[in-house]
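One structure is given below, encoded as structure tokens.
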Amino acid sequence: MQVPANSLPIKSSSPVLVVGNNHLIDSVAKLTALNFDAAEQLFIHSRAAGKHGKKPQCLILSVDGQEVYTLDLTKISPEAVLAKLLALPPVIGHDLKSTYKVLLELGIALPKVAHDVFVGAFLLNSLRREQTLTELAETDLGYDGSPFDDLTTDDVMTRAPEIVAVIRALYAQQSKDLQAIPKLADLARDVEWPVIAVLARMEYTGIQLDTAYLAKFAVEIDDAVSDLEQQIYGYAEQEFNIASPGQLAEILFTKLNLSTQGIKKGKTGYSTDAKQLDKLRDKHPIIDLISQYREVAKLKNTYVDALPKLVDDQSRLHTTFNLTIAQTGRLSSTDPNLQNIPTRTELGHHIRTAFVAGPGNKFVSADYSQFELRLAAVLANDTELIEMFNRGADIHQATAAQVYGRELEDVTKGMRQAAKVINFGILYGMSPHGLSVATGMTNEQAVTFIERYKQLRKPLFDYMDHLLEQARADGYVETLFGRRRPMPDITSSNFMVRQGAERAAINMPIQGTEADLMKLAMIRVDKLLSDHYPDSRMLLQIHDSILIECPAADADAVAEMLKNTMQEIYELPVRLDVDATIAVNWGEL
DNA sequence: CGACGCTGCGCG
DNA sequence: AAAGCGCGCAGCGTCG
């Protein structure tokens, strides 16, 4: 329905909703006539944000969920609405990050987030299957009308009032629920809402890929794959699909008659994963070739061949950072996943070299060292562990010295390695069996080792005991900042299920607090960049690290700022150590 | 033909 | 009896 804009009654209590997608709108005059200054909150919603580089063509807006206006951006210049939109009050919507990318495409400054019902639903209950507008409406509002997913432009236009009403109702409900959990409301206000615009900018900016470099690499890797294939067929004396675990197991254990002694069995037969291949390595030369084939084929299929197809016309890759996936509150990255670009093997690391800073720019990267273990020390209030960190000890070496009762200088590499495994493993609820497998100790040695570690880190284990008790009583666990993860399986009568839940419960406050702090750091870094280094852009977050692209001349200063901001992001009893590096491509960082 | 579960493996 | 948390993606094999 269309209503003359100048007759619009916007009271200070009247939230406004803007629906944006990549289609039409009809009159900008109506929009510019609106008195946004009088509105305290603006509702904003977008489905089908334009693909990157495509100009969005449509903004739909309404007031109080009643009057709906459509604005045709193909007929008017976006700048005409710019002045008004710049002064928008804080906005409310469903998946604002998508809408914000539309605004960025229009060159419109991003308003503050007042509430996002997509992210809000996840904060209040991370377990629900999905947080689509349809699902939220059905489950939370008892809505039984037709779905809101995959609507055509016309549908969006005609149903905008309905969409507005649903979002407003969800907002009302969620803000009431959040107020009942003050820490969670604070987390939403201070972390989750502000990080939305930061992520929108990162996704919109993208990261440059040197496709020519990658094309050269592709030729080499293709040759390597075919070469390995032929060698493997030679040993097998037949061709088969190496990528099929079933066919591979048939070749190894039937045709070549390799021993299945100690080989893990899965639902579909003997496993051929990397660990099992390791056990067979000395038995037949084909094993090493298969390992090599796996490594090279993985790189080729997942990265070398896939990434170049996803670049825009500027040769930049735009990932999507998901806020509503990881149960711990971490981000996840999709289409493409830029949080799992190889680095551990030399060959894999080459892929990172293809990620480059633009002309005249540099990359600045910074990562927290032993972030999770430091946070475990804080959450458990393990003063000895905290003190070790604060005096800058090599934590794994020092732990080994304590467990084995040796002087620091008498700690062997093997001892340090074992201590490192347990230091990390403990955060995941590792068992003696897991430790023995990971270190090559006997089960007995592992049991003794963990026993001594328990004595040494009593506060840590007391904390874990208390945490599990709390989880059983409350049905959830939470981070330092009150982010919650429901833990229904913690009281399961199924041993396996229950044990799995206990391990997840132990890990969540640690991994989740890390995620909370990283988001806080990103928000602050984003602000500092826009204030002092306007030509610099945050590009990626990889759980404990941040990657920035900046003018070469600013690199040193940006690195310093990034390091300090991350280190001082939140006052904790433990010192946070951050390493910062500068390079022209990701491989050299 | 697409959807799905499984296997395997890339990252923190 | 099982045995380490959190993710996403690719290929295979099966099913409808």
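Residue numbers start from 1 in every chain, and the chains themselves are labelled A, B, ... in the order their sequence lines are given, proteins ahead of strands.
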Quiz item: Between B:dC6 and C:dA3, how far is it from one P atom to the other, in whole Å?
Solution: 15 Å

Quiz item: Just checking A:F495: base, sugar-phosphate only, or nothing, at a heavy-atom cut-off of under 4.0 Å?
Solution: base

Practice problem: Classify the nucleic acid contact of A:A274 as base, sugar-phosphate or nothing, counting any heavy atom under 4.0 Å across all strands shown. | Solution: sugar-phosphate

Self-check item: Under-4.0 Å salt bridge between A:K275 and A:D278
Solution: no

Exercise. Figure out the CE/P separation between A:M518 and B:dC11, and round it to whole Å.
Key: 18 Å

Practice problem: Answer yes or no: is there an ion pair linking A:R374 with A:E514, defined by an N-O contact shorter than 4.0 Å? | Solution: no

Exercise. Please work out if A:M430 contacts a base, only the sugar-phosphate, or nothing of the nucleic acid, heavy-atom cut-off 4.0 Å.
Key: base

Quiz item: Would you say A:R330 reaches B:dG12's phosphate, i.e. side-chain N/O to OP1/OP2 under 4.0 Å?
Solution: no

Practice problem: Could you tell me whether A:I341 contacts a base, only the sugar-phosphate backbone, or nothing, with contacts defined as non-hydrogen atoms closer than 4.0 Å? | Solution: sugar-phosphate

Quiz item: Rounded to the nearest Å, what distance is computed from the CG atom of residue A:L540 to the C1' atom of nucleotide B:dC11?
Solution: 12 Å

Exercise. Answer with base, sugar-phosphate or nothing: what part of the nucleic acid does A:I325 contact at a heavy-atom distance below 4.0 Å?
Key: sugar-phosphate

Quiz item: What does A:R485 touch in the nucleic acid at a heavy-atom separation under 4.0 angstrom: a base, only the sugar-phosphate, or nothing?
Solution: sugar-phosphate

Quiz item: Distance check: side-chain N/O of A:S244 vs OP1/OP2 of C:dG13, anything under 4.0 Å?
Solution: yes

Quiz prompt | Nearest-nucleotide 5' precedence on DNA chain C, A:K275 against A:P336 | solution = A:K275

Exercise. Report which part of the nucleic acid A:L427 touches: base, sugar-phosphate, or nothing (heavy-atom distance under 4.0 Å, all strands).
Key: nothing

Exercise. Among the candidates B:dG12, B:dT7, C:dG8, find the nucleotide nearest to the side-chain atoms of A:T268.
Key: B:dT7

Quiz prompt | Rounded distance (Å) that lies between atom C1' of C:dG8 and atom CG of A:L310 | solution = 13 Å

Self-check item: Spacing between A:L248 atom CG and C:dG11 atom P, to the nearest angstrom
Solution: 17 Å

Quiz item: Considering only side-chain heavy atoms of A:P342, which listed nucleotide, C:dA3, C:dG6, B:dC11, is closest?
Solution: B:dC11

Practice problem: State, without any angle test, whether A:K279 and A:Q276 hold a side-chain donor-acceptor pair at a distance under 3.5 Å. | Solution: yes

Practice problem: Taking only the side-chain nitrogens and oxygens of A:S332, find out if one of them lies under 4.0 Å from OP1 or OP2 of C:dG8. | Solution: yes

Quiz item: Can you tell me if A:Q511 and A:T328 form a side-chain donor-acceptor pair at under 3.5 Å?
Solution: yes

Quiz item: If you look at every strand shown and take non-hydrogen atoms under 4.0 Å, does A:Q327 touch a base, only sugar-phosphate, or nothing?
Solution: sugar-phosphate

Quiz prompt | Whether A:H284 and A:Y235 hold their rings parallel, tilted or perpendicular, with breakpoints at 30° and 60° | solution = perpendicular

Quiz item: Nearest-Å distance, CG (A:L299) to C1' (B:dG8)?
Solution: 14 Å

Practice problem: Take atom CG of A:L517 and atom P of B:dG12, then tell me their distance rounded to the nearest Å. | Solution: 19 Å

Exercise. Remember a base hit wins even if backbone is also touched, and classify A:R503 as base, sugar-phosphate or nothing at under 4.0 Å, heavy atoms.
Key: sugar-phosphate

Practice problem: Remember a base hit wins even if backbone is also touched, and classify A:R344 as base, sugar-phosphate or nothing at under 4.0 Å, heavy atoms. | Solution: base

Exercise. Take the angle between the ring planes of A:H350 and A:F217 and call it parallel below 30°, perpendicular above 60°, tilted in between.
Key: tilted

Quiz item: What nucleotide, of C:dG6, C:dG11, C:dC9, holds the atom closest to the side chain of A:A243?
Solution: C:dG11

Quiz item: Taking atom P in both C:dA1 and B:dC9, what distance in whole Å separates the two?
Solution: 28 Å

Quiz item: Do the side-chain N or O atoms of A:N340 get closer than 4.0 angstrom to the phosphate oxygens (OP1, OP2) of C:dG8?
Solution: no

Practice problem: Identify the nucleotide, in any strand shown, that forms a Watson-Crick or G-U wobble pair with C:dA3, with both distances under 3.5 Å; if there is none, say none. | Solution: none

Quiz prompt | Exercise: do A:S315 and A:Q208 side chains pair donor with acceptor under 3.5 Å | solution = no

Quiz item: Counting just side-chain N and O atoms, does A:K267 come under 4.0 Å of either OP1 or OP2 of B:dC6?
Solution: yes

Quiz item: In whole Å, what separates the P atom of C:dG4 from that of B:dG5?
Solution: 25 Å

Quiz item: What's the closest nucleotide to the A:Y428 side chain, out of C:dC5, B:dC11, B:dC9?
Solution: C:dC5

Quiz item: Is the ring centre of A:H433 under 5.5 Å from the base ring centre of C:dA3, and are the two planes under 30° apart, so that they stack?
Solution: yes

Quiz item: Contact class for A:N241 vs. all strands (heavy atom < 4.0 Å): base, sugar-phosphate, or nothing?
Solution: sugar-phosphate

Self-check item: Rounded distance (Å) that lies between atom P of B:dC6 and atom NZ of A:K264
Solution: 14 Å

Exercise. Send over the distance from A:N301 CG to C:dG11 C1', rounded to a whole Å.
Key: 8 Å

Exercise. Just call it for A:S436: base, sugar-phosphate, or nothing, with non-hydrogen atoms closer than 4.0 Å on any strand.
Key: nothing

Exercise. Respond yes when some side-chain nitrogen or oxygen of A:S333 is under 4.0 Å from OP1 or OP2 of B:dC11, and no when none is.
Key: no

Quiz item: Is any side-chain N or O of A:T272 closer than 4.0 Å to OP1 or OP2 of B:dG8?
Solution: yes

Quiz item: Between the side chains of A:D577 and A:S369, does any donor sit under 3.5 Å from an acceptor?
Solution: no

Exercise. Please determine, for the side chain of A:A306, which listed nucleotide (C:dA10, B:dT7, C:dC5) has the closest atom?
Key: C:dA10

Quiz item: Under 4.0 angstrom, heavy atoms only, what part of the nucleic acid is A:Q247 near: base, sugar-phosphate, or nothing?
Solution: sugar-phosphate

Exercise. Taking only the side-chain heavy atoms of A:N507 (C-beta and beyond), determine which of B:dG10, C:dC5, C:dA10 contains the nearest atom.
Key: C:dC5

